[in-house]
Asks: 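Before I ask anything, let me first share the structure, which is written out below as structure tokens.
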Amino acid sequence: MKKWYAVIGDPISHSLSPYMHDIWFHECGIDASMIPVHIRVGELKEGVAALKRLGVSGFNVTLPFKQEIVPLLGGLDAAAAEMNAVNTVSCNDGRLTGMNTDGDGFVRGLAGENVPKDAPILMVGAGGAARGIAFALKRQGFSRLYIANRTYRRAEELAAASGAIPLSIAEAEEQLGAMAAVINTTSAGLQDDTVPLKLTGLAPGTLVSDIIYNPLETPLLKQAADQGGRVQNGVVMFVHQGAIAFEAWTGIRPDTEPMIEKINRKLGGSYAHR
Ligand code: ATR
């Protein structure tokens with residue numbers, strides 16, 4: 001029988017996950033489909049019970065439910081437990097297991113960029129997204145992570161929890177020239193034209209990666225490209241987090257590079273990776 005998957009959130013109509021997973025199901029010869037399901041704030045418990053009753057095989061979880069879903073699940077993988085947040089759920093014989101593929105998705109995207117594991121990496125931001133990435137970088141053996149944040153105390157807290165080094169934004173700007181990669185996890189540039197730090201000291205060839213993909217080119221990426229940096233937009237992490245979820249559901253590792261190109265094109269840009 002045809003299997004079905006879902007992506008739940010509020011709002012949900014903008015999600016690109018059904019587009020991406022349906023292409024992969026087709027490419028892999030799997031008789032399955034993903035549908036967006038709008039669950040309203042306050043109705044998560046009923047919504048998840050309904051998905052289960054209707055035989056969902058798995059689902060992605062997006063804003064604002066990544067933490068609220070946790071107590072509704074029967075188990076968590078290590079990444080989800082560490083973050084107390086879930087973006088992927090598998091349903092086997094009515095048992096729901098939560099995973100978090102966001103951080104590992106980011107790190108897979110970094111793997112194609114030749115950033116040595118002992119090279120200094122600067123991450124800007126100390127919120128939920130930053131937390132997932134910091135722990136995933138640590139798990140994968142990246143040993144010199146610096147964390148800078150507008151609110152320094154939050155940088156200190158996340159650095160202490162993840163074995164990183166905290167910096168103020170001013171210190172990060174001063175030390176920028178030594179960094180092999182700069183990762184923006186803040187929402188600066190999402191709905192405004194601000195940058196989370198000045199890139200004046202950026203060394204040419206440094207990778208600048210933004211987890212935002214709407215817009216495809218944030219003000220930070222534009223400045224980085226103008227200064228000779230290599231840029232990576234948030235489509236790369238989006239596709240890799242989806243690929244890890246797809247593999248958990250189906251046992252098959254889907255093709256990511258063509259998907260990164262397709263989604264960049266769908267969002268109206270050229271392939272802004274590299
Ligand atoms: P998320 O879960 O998406 O990471 P969050 O937990 O609200 O969201 O964290 C948002 C991050 O973006 C924080 O690091 C925040 O900095 P503060 O801790 O100082 O609030 C950062 N941020 C948001 N808007 C910013 C801006 N305009 N400039 C710099 N940093 C910003």
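One is the number of the first residue; the rest follow in order along the sequence.
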Asks: I'd like to check the side-chain contact (heavy atoms from CB on, under 4.5 Å) partners of P116; sequence neighbours left out, ordered by chain and number.
Replies: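 Once residues adjacent in sequence are excluded, the partners of P116 under the side-chain contact (heavy atoms from CB on, under 4.5 Å) criterion are D118, A119.
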Asks: Rounded to the nearest 0.5 Å, what separation is found between the CG atom of L63 and the CG atom of D10?
Replies: 10.0 Å
Asks: Find the distance between CD1 (I133) and CG (D102) and round it off to the nearest 0.5 Å.
Replies: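 It is 8.0 Å, given to the nearest 0.5 Å.
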Asks: Please name all residues satisfying salt bridge (charged side-chain N to carboxylate O under 4.0 Å, His left out) with R40, sequence neighbours left out, ordered by chain then number.
Replies: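 Checked R40 against salt bridge (charged side-chain N to carboxylate O under 4.0 Å, His left out); zero matches.
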Asks: Below 3.5 Å, can you tabulate the donor-acceptor pairs from side chains in residues 220-227 to any protein atom, sequence neighbours excluded?
Replies:
from, atom 1, to, atom 2, distance (Å)
Q227, NE2, L199, O, 2.7

Asks: Just by modelled atom types, is the G189 backbone N or O under 3.5 Å from a matching donor or acceptor in the D192 side chain?
Replies: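 Yes, the answer is positive, given that a donor and an acceptor are paired below the 3.5 Å cut-off.
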Asks: Could you grab the distance from atom NZ of K117 to atom CD of Q140, nearest 0.5 Å is fine?
Replies: 6.0 Å
Asks: Hey, any chance V195 and I212 share a hydrophobic cluster, counting ILVMFWY side chains that come within less than 4.5 Å of each other, even indirectly?
Replies: no
Asks: Quick one: do V37 and L96 end up in the same hydrophobic cluster if we chain Ile, Leu, Val, Met, Phe, Trp and Tyr together by side-chain heavy atoms under 4.5 Å apart?
Replies: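 Yes, because V37 and L96 connect within a single hydrophobic cluster, where side-chain heavy atoms sit under 4.5 Å apart.
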Asks: Among pairs that include at least one residue of residues 73-85, which meet salt bridge (charged side-chain N to carboxylate O under 4.0 Å, His left out), considering only residues two or more places apart or in two chains?
Replies: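 The answer is E82-R139.
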Asks: Not counting sequence neighbours, which residues clear ring-ring contact (aromatic ring centres under 6.0 Å, His included) with F238? List them please.
Replies: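 Once residues adjacent in sequence are excluded, the partners of F238 under the ring-ring contact (aromatic ring centres under 6.0 Å, His included) criterion are Y213.
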Asks: With sequence neighbours left out, what residues match Y146 under ring-ring contact (aromatic ring centres under 6.0 Å, His included)?
Replies: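 Partners of Y146 by the ring-ring contact (aromatic ring centres under 6.0 Å, His included) criterion come out as none, since no residue qualifies.
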Asks: Look only at the side chain of T185 and the backbone of V124, and say whether a donor-acceptor pair between them is shorter than 3.5 Å.
Replies: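 Yes.
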Asks: Among all residues two or more places apart in sequence or in another chain, which pass the side-chain contact (heavy atoms from CB on, under 4.5 Å) test with S187?
Replies: L190
Asks: Which heavy atom of V41 sits nearest a heavy atom of P64, and at what distance?
Replies: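 Scanning both residues, the minimum pair turns out to be CG2-CG, 3.8 Å.
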Asks: How are the rings of H21 and F25 set to each other: parallel, tilted or perpendicular (split at 30° and 60°)?
Replies: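 Aromatic pair H21/F25 classed tilted.
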Asks: Can you hop from L207 to M237 via hydrophobic side chains spaced under 4.5 Å?
Replies: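 The answer is yes; both residues are in one hydrophobic cluster.
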Asks: Would you say S209 and L110 make side-chain contact, with heavy atoms under 4.5 Å?
Replies: no
Asks: Quick test of your reading: applying side-chain hydrogen bond (donor to acceptor under 3.5 Å, both in side chains), list the pairs with at least one residue in residues 236-246, sequence neighbours left out, ordered by first then second residue.
Replies: N87-Q241
Asks: Do N100 and F135 pass the side chain to side chain contact (heavy atoms under 4.5 Å, CB included) test, and can you show the C-alpha distance, the side-chain angles, and the key distance before you say yes or no?
Replies: CA-CA 11 Å; N100 199 310; F135 282 103; over 6 Å; no
Asks: Check the pair I12 / T62 against side chain to side chain contact (heavy atoms under 4.5 Å, CB included), numbers first and verdict last.
Replies: CA-CA 8 Å; I12 199 59; T62 185; 3.5 Å; yes
Asks: Sequence neighbours excluded, which residues qualify as side-chain contact (heavy atoms from CB on, under 4.5 Å) partners of I69?
Replies: I8, L44, V48, F59, V61, L73, V86
Asks: Taking the side chain as every heavy atom from C-beta outward, state whether I260 and P258 have any pair of such atoms under 4.5 Å apart.
Replies: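 No, every pair of side-chain atoms sits at 4.5 Å or beyond.
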Asks: Tell me whether the rings of W249 and Y5 are parallel (<30°), tilted (30 to 60°) or perpendicular (>60°).
Replies: tilted
Asks: Okay, side chain of K2, backbone of D31: is any donor-acceptor separation there less than 3.5 Å?
Replies: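 Side chain of K2 to backbone of D31, a donor-acceptor pair under 3.5 Å: no, none is there.
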Asks: Does the side chain of S57 reach to within under 4.5 Å of the side chain of C91, using non-hydrogen atoms?
Replies: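 No, every pair of side-chain atoms sits at 4.5 Å or beyond.
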Asks: Between atom CZ of R108 and atom OG1 of T101, what is the distance when rounded to the nearest 0.5 Å?
Replies: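 Going from CZ on R108 over to OG1 on T101, the span is 9.0 Å.
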Asks: Which atom names give the shortest non-hydrogen contact between M123 and A134, and what distance separates them?
Replies: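 Closest pair (atom of M123, atom of A134, distance): CE-CB, 3.9 Å.
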Asks: Return a table of donor-acceptor pairs under 3.5 angstrom between the side chains of residues 168-184 and protein atoms on other chains or two or more places apart.
Replies:
from, atom 1, to, atom 2, distance (Å)
S168, OG, E171, N, 3.1
S168, OG, E171, OE1, 3.4
E171, OE1, S168, N, 2.8
E173, OE2, K198, N, 2.8
N184, OD1, T186, N, 3.0
N184, OD1, T186, OG1, 2.8
N184, ND2, T186, O, 3.4
N184, ND2, D210, OD1, 3.1
N184, ND2, D210, OD2, 3.2

Asks: Just how far is it from atom CD1 of I30 to atom CZ of F246, taken to the nearest 0.5 Å?
Replies: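 Answer for the CD1-CZ pair, I30 versus F246, is 4.0 Å.
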Asks: Which is it for L16 and I263 under the side chain to side chain contact (heavy atoms under 4.5 Å, CB included) test, yes or no, and what are the steps along the way?
Replies: CA-CA 8 Å; L16 288 166; I263 292 192; 3.9 Å; yes
Asks: Given 3.5 Å as the limit, does a donor-acceptor pair link the side chain of S15 with the main chain of S17, or not?
Replies: yes
Asks: Whether the side chain of S162 engages the backbone of L158 through a donor-acceptor N/O pair (distance < 3.5 Å, no angle test) should be reported.
Replies: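 Side chain of S162 to backbone of L158, a donor-acceptor pair under 3.5 Å: yes, one is there.
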Asks: Is a side-chain N or O of R150 found less than 3.5 angstrom from the main chain of P196, in a donor-acceptor match?
Replies: no
Asks: Strictly distance-based, threshold 3.5 Å: is any side-chain N or O of W24 a donor or acceptor partner for the main-chain N or O of M259?
Replies: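 Checking the backbone N and O of M259 against the side chain of W24, no donor-acceptor pair under 3.5 Å is found.
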Asks: List in chain and number order the residues that pass side-chain contact (heavy atoms from CB on, under 4.5 Å) with A159, two or more places apart in sequence or in another chain; answer none if no residue qualifies.
Replies: I147, A164, P166
Asks: Are E217 and N233 close enough that some pair of their side-chain heavy atoms sits under 4.5 Å apart?
Replies: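 Not in contact.
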Asks: Remaining members of Y152's ILVMFWY cluster at a side-chain heavy-atom cut-off under 4.5 Å?
Replies: none
Asks: Would you say M34 and F65 are hydrophobically clustered, going by side-chain heavy atoms of ILVMFWY under 4.5 Å?
Replies: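 Each belongs to a different hydrophobic cluster.
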Asks: Shortest non-hydrogen contact from G109 to V236?
Replies: CA-CG1, 3.6 Å
Asks: Step through the shown structure and confirm whether more than 12 heavy atoms of other residues, nucleotides or ligands are within 6.0 Å of NE2 on H38.
Replies: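 More than 12 within 6.0 Å, yes.
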Asks: Just verifying a value: how many Å separate R230 CZ and N114 CG, rounded to the nearest 0.5 Å?
Replies: 6.5 Å
Asks: Report yes or no: do V56 and V70 belong to one cluster of Ile/Leu/Val/Met/Phe/Trp/Tyr joined by side chain heavy-atom distances under 4.5 Å?
Replies: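 Yes: a chain of side-chain contacts under 4.5 Å links V56 to V70.
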Asks: Any side-chain heavy-atom pair from V89 and L51 closer than 4.5 angstrom?
Replies: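 Counting from C-beta outward, V89 and L51 never come under 4.5 Å.
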Asks: So, are E27 and K262 salt-bridged, with charged N and O less than 4.0 Å apart?
Replies: yes
